[in-house]
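Comments concern the structure below.
Indexing begins at 1, ligand by ligand and atom by atom, following the structure's order.
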Amino acid sequence: MRIPADLTRIDNQVHAWLPVFPGTWGMANCVLIASGTDALLVDTPYTAPLTTALTAAAHRVLPPGVAISTVVTTHANGDHSYGAGLFPAAEVISTDANLTHLCSEPTPSQLQALLDRCQAAEPFDRYLLWHFGRYDFTGLELTPPTRTFSSRLDLRIGSLDVHLIEVGPAHTAGDLIVHVPSSGVVCAGDTLFVGDVPVHWAGPLSGVIDACQTILDLDPRIVVPGHGPLVGQKEVAHYMDYVRELLDRSHTLHSQGACLDAASHTLLEEHRRPDLGLPERIAVLAAMEYRHLNNAADPLQLVEILSSAIRLAPGRCQTPYRRGTASSRPSTA
Ligand SMILES: [Zn+2]
């Protein structure tokens, strides 16, 4: 696995860092928006080495002396926010709801400790090691935004208008999207996944569909998903159809009295999209949607839900991997 050495040019002002590796967790896209002496980064990578690689790539397209002075975090998950602390001079902007969510996210050191305790004999641990063992979370701290907003915030970056639009709750409680009207670009964060079955933690799925409709209403030329390659409006519409199908089926199963395990199993059996990686995430989506249908007040139990997803899709458990051990698992280097 080779992370991209360079940014992908969308136009003179907008470049994307696209570590596109279907079937993996944590390799999220970032977008550099620059004009004049201003530079804004949408999302930061999961680890310090990945952030260093992104920063080096950004400096190859920025004019000499121009630094990233603004970081926008689309949501609080670590694969989009952990690297923010490596931009100490930057203003970090996100929504009020994302700031609240950040307080309940595991810190990088907690995540590292969890991985270090994993036993390869346990299916859940094996899954974590396979998908997250490649990452080194040392040298990072949770970094709260220095500026927050609700609903909408309009920024000026050099000569560019940049609009931050809150669309959560959808993937998480406080998702925002970033619109650069003059470029016809929308950064969707994790309201949009391309190439993998999506995972959504807050929901409901109708919120994800509404967020995507907000993206389409902006009539974008290019949409940057949270994970996966650049797409256009057609792909966003297809994704919405897929999410709507999952919504409809989970509501039908719920109304028929199917328990969550049975519904997840049925949805996995019915899955007809071999082109999408990580099908076990369907069980997470079902759990999230059932939580809303049951008006459950308690938060989604991530470990429990992911464990049941792994149990229901045993064929997805992969060879154990530990950083620094001999393995066929690709590295991020
Ligand atoms: Zn993500």
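Distances from the Zn ion (ligand 1) under 2.8 Å pick out these protein N/O/S atoms: Asp79 OD2, His80 NE2, Asp190 OD2, His227 NE2.
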Residues Gln233, Val223; criterion side-chain contact (heavy atoms from CB on, under 4.5 Å); working and verdict: CA-CA 7 Å; Gln233 294 187 31; Val223 181; 5.5 Å; no

Derivation and outcome, side-chain hydrogen bond (donor to acceptor under 3.5 Å, both in side chains), residues Thr191 and Asp175: CA-CA 8 Å; Thr191 62; Asp175 307 283; over 6 Å; no

Steps toward side-chain hydrogen bond (donor to acceptor under 3.5 Å, both in side chains) verdict (Tyr127, Trp25): CA-CA 11 Å; Tyr127 187 90; Trp25 290 74; 2.9 Å; yes

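Listed by first and then second residue, the salt bridge (Lys or Arg N to Asp or Glu O under 4.0 Å) pairs that reach into residues 212-238 come to none, sequence neighbours excluded.
Checking side-chain atoms of Thr73 against main-chain N and O of Ser94 turns up no donor-acceptor pair under 3.5 Å.
Checked against a 6.0 Å centroid threshold, the rings of His80 and His227 count as neighbours.
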